[in-house]
> 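Have a look at this one before I ask anything.
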2 protein chains.
Amino acid sequence: MPKRVDHDQRRRHIAGALLRIAEQRGLQHASMREVAAAAEVSVRLVQYYFHTKDELLLASLGYLAEELGARVARRIAALGSPPTPRDVVSGTLTAILPTDPESVRLTRTYAAFYSLVLAEPDLTRHGAPHPDLLERLLAHQLRAAQQAGAAHAELDPGLTAAGLLALTNGLGSSVLGGQRDAEAALRILTYHLDRLFVPSAGHTPP
Amino acid sequence: MPKRVDHDQRRRHIAGALLRIAEQRGLQHASMREVAAAAEVSVRLVQYYFHTKDELLLASLGYLAEELGARVARRIAALGSPPTPRDVVSGTLTAILPTDPESVRLTRTYAAFYSLVLAEPDLTRHGAPHPDLLERLLAHQLRAAQQAGAAHAELDPGLTAAGLLALTNGLGSSVLGGQRDAEAALRILTYHLDRLFVPSAGHTPP
DNA sequence: GGTTTCATGATACGACCGTATCAGAAAAGT
DNA sequence: ACTTTTCTGATACGGTCGTATCATGAAACC
């Protein structure tokens, strides 16, 4: 037998090369040859670990989702304990908004996959349980804030959570599109959060 | 000289074929040959009216923007006169949200161009004065509503307008992505509008 | 009414695409 | 030591891409 290699690591390495190309130059340029070159690997190797290009695309998208999920989780975990519901909401949403290099990279890469997913929905038939999950997390935090008197009681948590997520996604698009810088987007997001949560001692005293 | 032909009409016809392909199968399939076939025209003709593919893509995007702008204008013009600011805001936003076949077509097509524009920003160096324009329109309407006592006075019109636009774009993405249907998106949008405008006789009495 | 000019068609060229094939190196098991 | 299995490399094939070339139709102008 040959030297045993960590297949998963190899797959991540190659998929990472594809994600890098997708982020920087778009999926149009993510050909097998370009991916192999970016991973400093032969084309045959890419074929070996991913039998077909669709498989490579799908796996890469999976790794990307994993990475974004990890970032959100890390952000939430890094909050002081116990974090206020607003901290959780704000932390989650700013983790998705392209403000720092990592989030720019992640959202740019996601954007590269967006139209592909729209055009070929079969590719992700079994994917994306995420958005609904995030929405539920946010709604749950909003409810907790209401019970603690930290958010206005008449808010509908579900509709508000969905709105916040859509707002953040829309802001992210405009930032990536260059119509707004990250600072302006963050200002808009914070403004809307301020309208949901009642002011407390710890937060942005005027 | 040959029979004189309306060049602009021909260009629109060909660009329309590209837009149709982009919407239905994505820009990946919008090759010169496919566009020509969809327009029932020879490849040479496509080359004749658009010297290069980039030119075709750029022109098509322009026509698309024109079409969306016309839809918004038509929607606003169709409002009773004088329309309330809320009607204008709501009409503008629902014109953008993919709720009926035409708006689905427009937003799907836009989405197809999205990642291309992100990857090749040079293509649209001179384009897209639109978003800022819409934002200003919404902000202006919000201010008018405030002066008429129809919207809460403490709102920041600029930030709120930007938020509404981003919210609508985000909702549109989720509808196109199939995570939500148009009805749910409209419900979320209406909920947020309800939180901005003070209830009046004409609107959704409980 | 010939000629110029605009408009259109058929076809070819080189490049790159995804994938398949052929072959070989390298390490574990016996 | 030798076989067997896992891994890697070079190269070829058919297809499609964007674009260029060559050729021709048909109408307006002198």
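Heavy atoms only: backbone and side chains are in, while hydrogens, waters and symmetry mates are out. None of the values given here were measured: they were computed from a predicted structure. Chain A is the first sequence line, chain B the second, and so forth, proteins listed ahead of strands; every chain is numbered from 1.
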> In whole angstrom, give the distance that lies between atom CG of A/D8 and atom P of D/dC7.
13 Å

> Between A/S103 (side chain only) and A/L97 (backbone N and O only), is there a donor and an acceptor less than 3.5 Å apart?
yes

> Is there a side-chain contact between A/L142 and A/D156, using heavy atoms and a 4.5 Å cut-off?
no

> Before you tell me yes or no, could you show the steps for B/E67 and B/R105 under salt bridge (Lys or Arg N to Asp or Glu O under 4.0 Å), namely the whole-Å CA-CA distance, both residues' side-chain angles and the distance that decides it to 0.1 Å?
CA-CA 11 Å; B/E67 211 177 334; B/R105 180 175 62 82; 2.6 Å; yes

> Write down the distance between CG (A/L56) and C1' (C/dG18), rounded to a whole number of angstrom.
12 Å

> Counting neighbours of CD on B/E154 that are heavy atoms of other residues, nucleotides or ligands and sit closer than 6.0 Å, is the number greater than 12?
yes

> B/H51 has an atom NE2; how far is it from atom C1' of C/dC6, in whole Å?
13 Å

> Does one side chain, of B/T94 or B/R75, offer a donor that lies under 3.5 Å from an acceptor on the other?
yes

> Within a radius of less than 6.0 Å around NE2 of A/H140, do more than 12 heavy atoms belonging to other residues, nucleotides or ligands occur?
no

> Can you give the dot-bracket line for DNA chain D, where a pair is Watson-Crick or G-U wobble with both atom distances under 3.5 Å, crossing pairs use [ ], and | marks a partner on another strand?
|||||.||||||||||||||||||.|||||

> For the pair made of NZ in A/K53 and P in C/dA20, what is the distance, rounded to whole Å?
15 Å

> Restricting to pairs with a member in residues 46-92 of chain B, which pass ring pair (Phe, Tyr, Trp, His ring centres under 6.0 Å), not counting sequence neighbours?
B/H7-B/Y49

> Find the distance A/Y49:OH to C/dT19:C1' and express it as a whole number of Å.
19 Å

> Do any side-chain nitrogens or oxygens of A/T52 fall under 4.0 Å of OP1 or OP2 in C/dG18?
no

> Which part of the nucleic acid does A/H7 contact within heavy-atom distance under 4.0 Å: base, sugar-phosphate only, or nothing?
sugar-phosphate

> Roughly how many Å is it from CD1 in B/I14 to P in C/dA7, rounded to a whole number?
12 Å

> Looking only at heavy atoms, what is the nearest atom pair of B/V175 and B/A185, with distance?
CG2-CB, 3.5 Å

> Can any side-chain N or O of A/Q146 pair as donor or acceptor with the backbone N or O of A/L155 at less than 3.5 Å?
yes

> Remember a base hit wins even if backbone is also touched, and classify A/F50 as base, sugar-phosphate or nothing at under 4.0 Å, heavy atoms.
nothing

> What residues from residues 20-48 of chain B pass a heavy-atom cutoff of under 4.0 Å to DNA chain D?
B/S31, B/M32, B/R33, B/V43, B/R44, B/Q47

